[in-house]
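This report refers to the structure that appears directly beneath it.
Only this structure's heavy atoms are used, side chains among them; waters, hydrogens and symmetry mates stay out. Note on naming: letters A, B, ... go to the chains in the order of the sequence lines (proteins, then strands), and numbering restarts at 1 for each one.
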Amino acid sequence: MSSSFPYPDFSNVVVLDNGGGLIKAGLGGERNPSTVLPNCLLRPISSKKWITPPPATTTPNSDPLDLTSAAVRRPLDRGYLINPDLQRDIWAHLFTTLLRVTPSHSSLLLTEPLFTLPSIQRATDEIVFEDFNFKSLYVADSPSLAHLYEASRSGPTGRLVSKAQCSLVVDCGFSFTHAAPVFQNFTLNYAVKRIDLGGKALTNYLKELVSYRSVNVMDETFLIDDVKENLCFVSLDVPRDLHIARKTGRDNLYRCTYVLPDGVTHTKGFVKDPEQAKRYLSVTHGDTPSQLEANKKEMDQIEVTERSENRKREVDFSKNEFDLTNERFLVPEMLFRPADLGMNQAGLAECIVRAVNACHPHLHPVLYESIILTGGCTLFPRFAERLERELRPLVADDYQVNITTQEDPILGVWRGGSLLASSPDFEAMCVTKAEYEELGSARCRRRFFH
Amino acid sequence: MFQIWRFNAMDDDNSNPFRRMSSRTRKVAPRMAAALASSDNRTHAALARLEALENDNAGIEQIEINEDSDASLDDDDQGYMQKRQSKGTKRKTRQAKALENARKAPRTFLELLNEASLESLPPHVPSYLKAAVGPPSSTSRRHFCTVCGYAASYTCVKCGMRFCSGRCQNIHNDTRCLKFVA
Ligand SMILES: [Zn+2]
Ligand SMILES: [Zn+2]
């Protein structure tokens with residue numbers, strides 16, 4: 001697509017977007033990372049060893065690893081590095097076997113979450129310079145890279161990033177969600193706001209719902225990730241959708257069936273009838289407030305009459321499958337109303353407003369008119385549409401609200417890193433190993449601040 | 001490499017000299033302590049529930065002592081590690097190594113956060129704590145039945161979870177009530 005990238009032919013910069021869920025890694029100047037793999041070690045039930053997970057892009061012929069009930073160890077907790085030894089082991093596998101690079105001849109562009117604690121920065125620098133001997137290091141935060149990528153391209157509807165070189169990046173990833181104003185490629189960290197919810201919490205919530213209602217999947221992280229990615233969507237009208245979700249038969253446009261792996265013919269679960277799963281798309285969204293009221297009243301009545309409906313939801317163990325209905329939208333709903341689920345935190349729209357309000361008033365209109373969504377959670381269908389519906393009433397009428405989801409919300413940050421790594425002044429921005437040895441971690445890190 | 005499996009995080013066995021808290025126990029402990037101090041089952045249940053949403057391996061608690069921290073990796077990957085291995089003395093005894101592993105056992109993010117004492121930073125310095133979005137401006141809550149997901153008008157007097165009907169209340173009492181506390 002964007003063939004006009006100023007990528008040079010050769011690069012020895014390793015670009016590593018080190019997420020809590022997925023590692024995205026490759027060489028600076030490429031359009032896409034060469035490897036995407038889960039940032040964890042796994043132990044399948046059939047194994048006594050912890051193994052590195054296969055990259056997400058494995059060849060179709062390769063024997064798929066049976067991840068049923070696999071245990072997981074992650075080097076990151078709540079988005080931050082807590083187990084440097086584990087991270088080092090995973091990176092060793094990454095650099096040697098997957099990327100086949102020689103760190104001592106390479107620079108490293110590494111993403112690190114905002115507000116990383118100094119002790120964690122020190123541990124990271126030790127791995128980079130002392131264990132792997134990288135030539136030099138540049139540390140970047142995700143929002144500034146997502147901004148950089150969008151600023152470098154123009155979308156079909158014109159420029160995404162405002163003329164003022166400003167954007168409000170919403171990064172909704174594995175561990176948490178940040179609303180981060182970015183100005184001229186720097187994240188205004190004093191204005192960043194965070195919700196402590198991301199894809200991991202949503203998967204765990206879905207595990208709970210399915211386990212309580214149908215079949216115990218509390219140990220099935222990978223299975224439920226798949227269910228979430230394939231079947232969840234964002235509701236544009238929760239009362240209406242709850243109403244639809246409890247109808248019977250073909251009137252229930254949200255019911256769909258997921259088939260569990262049997263360990264023999266298939267080691268992965270799958271959506272039983274993809275056409276059935278897509279029926280939610282046929283729901284039109286023209287409800288007026290009065291209709292909503294009507295729905296609500298109707299719902300209360302149905303409450304009484306349709307109670308027996310619940311009985312039909314019980315799983316048929318002989319078939320090894322389970323049905324989903326309201327779980328499909330109540331799970332992503334958490335991001336918009338954490339308080340409904342017992343978390344005393346504002347939802348996404350309010351989070352954005354607070355981040356914008358923490359910036360200079362001159363920036364407010366330009367931030368609202370270039371909101372960029374990145375991170376895997378923004379892939380839920382209708383995510384941007386719902387956000388706009390919630391945000392619009394909170395923003396002054398004379399301000400435009402423009403929300404754009406990145407073309408690839410999982411790779412967008414990496415692509416920004418790739419672009420930065422291939423810019424002519426990249427090497428000058430890095431800290432070299434010699435500087436690290438002379439000055440130590442804390443003083444070197446100041447270079448990345450602004 | 002060997003593992004000790006355990007099904008109850010709060011059930012520590014003091015006889016094992018290499019005993020250390022499982023990561024789960026460590027993770028839950030600070031919140032648990034706070035919740036217990038509050039002696040309020042509802043607070044307790046809510047806090048423990050939030051911990052559960054960040055948990056990796058829900059069913060089983062696990063302690064692990066690495067005899068060989070690189071055991072899981074291909075020989076190919078060992079090149080970079082040689083320098084590190086030779087930095088130390090010769091091959092350590094199993095016991096010394098296990099002790100060392102226990103000492104540098106990974107801590108949870110909340111423990112690292114406490115150690116960083118961000119509260120002492122001057123007020124204008126941005127930090128992890130200051131970036132938290134904070135409570136919602138509206139105090140109204142929609143209540144969903146924790147059993148079936150539909151609108152719930154009843155609250156369990158023991159734990160504060162919601163349910164919509166007698167049927168869901170029974171399921172709640174049988175399977176969930178105070179589950180996160182026990
Ligand atoms: Zn119910
Ligand atoms: Zn209860």
Side-chain angles (χ1 to χ4, degrees), chain A residues 41 49-52 71-74 77-78 80 82-83 85-86 89 92-93 95-97 103 114-115 117-120 131-132 189-190 192-195 200-201 204-205 207 209 212-213 218-219 221 238 242 246 299 303 307 310 326-327 330 337 339-340 342-347 350-351 354, chain B residues 1 27 46 49-50 52-60 62 64 66 69-74 76-81 83-84 104 106-110 112-113 115-116 118 124 126-128 131-137 141-144 146-151 164-165 167-168 171 175-176:
Chain A
L41 291 187
K49 272 182 156 188
W50 289 96
I51 57 167
T52 48
V72 184
R73 290 171 69 203
R74 302 185 193 275
D77 175 27
R78 286 157 211 254
Y80 295 95
I82 55 152
N83 191 336
D85 290 347
L86 189 54
D89 289 353
H93 175 70
F95 298 142
T96 314
T97 310
L114 291 156
F115 313 112
L117 305 169
S119 62
I120 296 174
D131 291 320
F132 291 108
N189 60 1
Y190 57 85
V192 171
K193 296 294 170 214
R194 179 191 68 249
I195 301 174
K200 181 180 180 180
N204 280 341
Y205 182 43
K207 273 188 204 170
L209 293 181
Y212 283 152
R213 296 173 191 181
M218 290 309 283
D219 291 326
T221 299
V238 174
L242 281 171
R246 67 187 323 173
M299 205 172 77
E303 202 88 52
R307 219 163 265 165
N310 278 328
N326 61 30
E327 301 84 0
L330 286 179
R337 298 289 169 82
D340 290 348
M343 296 189 71
N344 193 25
Q345 296 191 42
E350 214 169 2
C351 182
R354 289 178 192 183
Chain B
M1 186 195 275
K27 198 178 251 182
R49 182 177 179 338
L50 297 184
L53 288 176
E54 286 298 319
N55 192 12
D56 275 318
N57 301 301
I60 305 170
Q62 133 209 357
E64 180 165 306
N66 275 349
S69 59
D70 306 316
S72 59
L73 298 168
D74 303 339
D76 247 13
D77 297 333
Q78 301 305 312
Y80 303 121
M81 296 306 144
K83 187 178 168 237
R84 189 181 177 88
K104 63 177 189 188
R107 285 163 302 166
T108 66
F109 176 68
L110 293 181
L112 294 172
L113 185 63
E115 277 168 33
L118 299 178
H124 64 275
S127 75
Y128 177 84
V133 67
S137 55
R141 304 276 182 274
R142 299 172 303 177
H143 297 291
F144 301 117
T146 48
V147 178
C148 70
Y150 294 99
C164 69
S165 62
R167 182 189 138 79
C168 286
I171 297 176
T175 60
R176 303 168 172 65

(request) Hey, could you give me the OG/CD distance between Ser137(B) and Glu350(A), rounded to the nearest 0.5 Å? (result) 3.5 Å
(request) Examine whether an atom of Ala116(B) lies under 4.5 Å from a heavy atom of chain A, and if so say whether it belongs to the side chain, the backbone or both; otherwise answer neither. (result) side chain
(message) Whether the side chain of Asp77(A) engages the backbone of Phe109(B) through a donor-acceptor N/O pair (distance < 3.5 Å, no angle test) should be reported.
(response) yes
(message) Using 0.5 Å steps for rounding, measure from the CG atom of Leu209(A) to the CZ atom of Phe144(B).
(response) 11.0 Å
(message) Are the side chains of Leu113(B) and Arg78(A) in contact, using a 4.5 Å heavy-atom criterion?
(response) no
(request) Heavy-atom distances under 4.5 Å only: say whether Leu118(B) touches chain A with side chain, backbone, both or neither. (result) side chain
(request) Check step by step if side chain to side chain contact (heavy atoms under 4.5 Å, CB included) holds for Tyr212(A) and Val147(B). (result) CA-CA 7 Å; Tyr212(A) 283 152; Val147(B) 178; over 6 Å; no
(request) Taking all heavy atoms of Pro136(B) and all of Gln345(A), pick out the closest pair and write down the distance. (result) CD-C, 3.6 Å
(message) How long is the straight-line distance from CG of Leu110(B) back to CD1 of Ile82(A), given to the nearest 0.5 Å?
(response) 10.0 Å
(message) Once rounded to the nearest 0.5 Å, what's the spacing between atom NZ of Lys200(A) and atom CG of Asn55(B)?
(response) 7.0 Å
(message) Return the CG to OH distance between Leu112(B) and Tyr80(A), rounded to the nearest 0.5 Å.
(response) 11.5 Å
(message) Quick check: closest heavy atoms across Arg141(B) and Asn344(A), and the distance to 0.1 Å?
(response) NH2-OD1, 3.9 Å
(request) Grab the two heavy atoms, one from Ala132(B) and one from Arg194(A), that are nearest each other, plus how far apart they are. (result) CB-NH2, 3.6 Å
(message) Looking at Asp340(A) and Arg142(B), is there a salt bridge between them, counting it only when a charged N and a carboxylate O are closer than 4.0 Å?
(response) yes
(request) Answer with yes or no whether the side chains of Ser119(A) and Glu115(B) bring together a donor and an acceptor at under 3.5 Å. (result) no
(message) As an exercise, state the distance from CG of Leu117(A) to OG of Ser127(B), rounded to the nearest 0.5 Å.
(response) 9.0 Å
(message) If I measure from the heavy atoms of chain B, does Ile120(A) come under 4.5 Å with its side chain, its backbone, both, or neither?
(response) side chain
(request) Tell me, for Tyr128(B) versus chain A, whether the close heavy atoms (under 4.5 Å) come from the side chain, the backbone, both or neither. (result) both
(message) Less than 4.5 Å apart, side chain to side chain, heavy atoms only: is that true for Cys148(B) and Asn326(A)?
(response) no
